[in-house]
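Have a look at the structure below, then the notes.
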Amino acid sequence: MEDKRESGELLVGLEIHQQLACSTKLFCRCPPVKSEVLPYSFERRLRPAQSETGGVDPAAVFEFSKGRSNKYFWSPESSCLVEADEEPPHPLSSEGLDSALLVAQTLGSIMVDEVHVMRKIVIDGSNTGGFQRTAVVGLGGSFDVGDVKVGVQSVTLEEDAARILGEDSTSRHFALDRLGVALVEVALAPVKGDPDLVGRVALHLGRILRSTGRVARGLGTIRQDLNVSLSGGKVVEVKGVQKLNLLPRVVEYERARQSALVQVAAKLGDRGIRQVACTATDVTTAVSESGSKVLRGKIAEGGKVVAVSARGLKGLLGWEPSPGVRLGKEVAEVARAKSLGGVIHSDEFERQGIHEDEEALLRKRTGSTREDAIVLLAGPAWQVDACVPRVVERLREAVSGVPAETRAATDSGETRYMRPRPGSQRMYPETDIPNIGVTGQMLAGLARAVPQNWEVRVSRLADAYSLSRDMALKLYDSELDADFEALAKELKLEPSVDASVLVDVPSRLAREGVPQEALGLEVLAEVLRSVASGSVAKEAVPDVLKEAGSSGRSVEDAIRSLGLERANEPEIRAVVVSVLRMHAGLVGKRGDAAFAPLMGEAMKELRGRADGAKVARILREELQRAGGQS
Ligand SMILES: [Zn+2]
């Protein structure tokens, strides 16, 4: 019975948010640029508004209950009154709409007849108006990843949220430059099972999106959200996975976490607990001389301590069915999301300095038995009071295993509690923007713009330039394929040299600590031009880039400072002749077989200043001449 509940099948739905490459934002004509300097600011406090159906969104109430305000920093170069929600939105950018429709078309979605812009409630402060504008442009569609068919649920055009800068105890700080930037959200149907498959699906979809040529490049322009569940269980939303290689780890972590919570629920079932009975008691005076430093500290700061006791849960808060997953930790995370750090539960009393006498006193005050668990919440009174209902709720949720919640991905590939899952009544129509008909003419135009399949593109690139498929894929993934083709045409070098300098050399140098931003396309193209013009040998490229990258010198200066100016023919001949002279015995003894070691010597002497083929030719000539004389 228990085994069956543990082994629920893993289901993962991916949502990809990709910024579009547009010249303006979606609802105003500000350019989508990142502002380094944000000279102006204003402050807002948001309240959860009732939706038209009369309900209030639980996620909105939750954020509001944290009792903080939001401070927005902005620059006129990247924001106007629209971002501040002081001016109505301008008409939807047709460039953005076109791009989103093209993405939908490429994925084989069915286009909507009319685009309706909606307001989606978000009250985490990342939108100044408390909502995000969003419009579905396509439904359905699919693509194949190996032999797995992945369904597309919807393609949506959205405005990006403000960029979080940081927070203090009273307010959160945001930058408005990113607010309103056009992005496309692609929601996929859940795939079964394998965390690695999820990574491959995301990679594949990213390549499809890039194939349209309409998406923004670079770090932070793509963001993945995941909906993870064990079959039959509630869905957990994991937000903001920025790095693709973290996806499988996040999925693996959620699988372990959720299956552990299912095991906790099974244990509760075994104990005959169908509903967790909780009581909350103010125990500030009882623990005023506590053995716990944390509690004494909070009380000294004028705070209060409330004990929440949970009937029959003794031992289950500290139990760790999967490494690092404990009900106690989940409860503490819920409190921390409300900025309350002082949480101690009874399975860790000893470790926290709360010994037998104090525990006995606490049990007496709270009317709990040795079979019950106690969670102590310590901090400023208003914060503790705001936390108690949420902690009680989380303890009660333990009987059903995995609660539906929104979590954030951490940099190490784990997840951390953020807030309850938003309710269903989060959308209402944006009346400032008229509906836009999708005409047959628009669709015909799009049909012509649908890009070549990326896999075909990669094979053609490999065939046309005699590159390995791996190299062609690297060019495609680094989004340098078009630049590569341009350089190959311009420079008439061997294409594999262009490709290797564009993608292999920079990543090798990055591992050696050369700052990657110093090796931009312009620098790489310049070094390739120097090779093509004969001013430096291709063998010297890594040294030149390393010098240019670490010193900030230009390619030309780097070549000069390394003494790597290309040797001319007389210089090469002089080196070759001197090598021959030094190894005259070798030539006499081994004749033609002396070629390879002599070649090595000559190349070493020339230290990358000459092309191997040229040195070989001269060496052959000189060997022949020497042979003729003997
Ligand atoms: Zn603007």
Side-chain angles (χ1 to χ4, degrees), residues 17-47 49 69-103 115-137 155-167 171-185 214-223 240 426-436:
H17 303 258
Q18 166 76 62
Q19 276 185 11
L20 295 166
C22 293
S23 55
T24 69
K25 292 185 178 182
L26 203 49
F27 294 103
C28 67
R29 302 294 86 97
C30 293
V33 292
K34 187 173 176 189
S35 292
E36 299 300 335
V37 183
L38 301 155
Y40 304 107
S41 70
F42 59 90
E43 198 161 354
R44 292 272 165 83
R45 185 179 289 271
L46 297 170
R47 337 188 127 262
S69 72
N70 301 310
K71 206 164 175 192
Y72 300 98
F73 295 83
W74 65 284
S75 159
E77 67 167 359
S78 55
S79 307
C80 64
L81 290 173
V82 174
E83 284 91 333
D85 197 34
E86 298 283 359
E87 188 183 302
H90 300 188
L92 178 75
S93 143
S94 58
E95 199 187 359
L97 177 58
D98 246 26
S99 300
L101 285 168
L102 180 61
V103 166
V115 175
H116 300 244
V117 178
M118 306 289 284
R119 291 179 171 192
K120 182 156 71 178
I121 296 178
V122 239
I123 203 161
D124 63 3
S126 60
N127 291 66
T128 49
F131 56 83
Q132 175 191 31
R133 295 186 186 90
T134 165
V136 174
V137 300
V155 178
T156 308
L157 178 61
E158 296 190 327
E159 54 178 357
D160 208 344
R163 187 159 61 84
I164 184 129
L165 296 170
E167 54 188 319
S171 65
R172 256 173 311 201
H173 298 175
F174 294 94
L176 287 192
D177 48 4
R178 204 182 67 186
L179 180 63
V181 171
L183 57 84
V184 67
E185 182 210 79
R214 303 281 187 98
V215 302
R217 296 168 168 214
L219 197 73
T221 60
I222 191 161
R223 213 166 55 231
R426 335 166 53 196
M427 298 264 225
Y428 51 105
E430 166 61 90
T431 48
D432 286 334
I433 303 282
N435 297 339
I436 303 161

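Note that the numbering runs from 1 along the sequence shown for the chain. Counting starts at 1 for both ligands and their atoms, following the listed order.
Applying the salt bridge (Lys or Arg N to Asp or Glu O under 4.0 Å) rule to pairs touching residues 86-100 yields R44-E86, sequence neighbours excluded. Each salt bridge (Lys or Arg N to Asp or Glu O under 4.0 Å) pair with one or both residues in residues 25-43, not counting sequence neighbours, appears once here: K25-E83.
Between R133 and D432 there is no salt bridge, since no side-chain N of the basic residue sits under 4.0 Å from a carboxylate O of the acidic one.
Sorted by chain and number, the protein atoms of type N, O or S within less than 2.8 Å of the Zn ion (ligand 1) are C28 SG, C30 SG, C80 SG, E83 OE1, E83 OE2.
With sequence neighbours excluded, no residue satisfies salt bridge (Lys or Arg N to Asp or Glu O under 4.0 Å) with R214.
Ring geometry for F174 versus Y72: interplanar angle under 30°, hence parallel rather than tilted (30 to 60°).
Atom-to-atom distance recorded for T134:OG1 and R119:CZ is 13.0 Å, nearest 0.5 angstrom.
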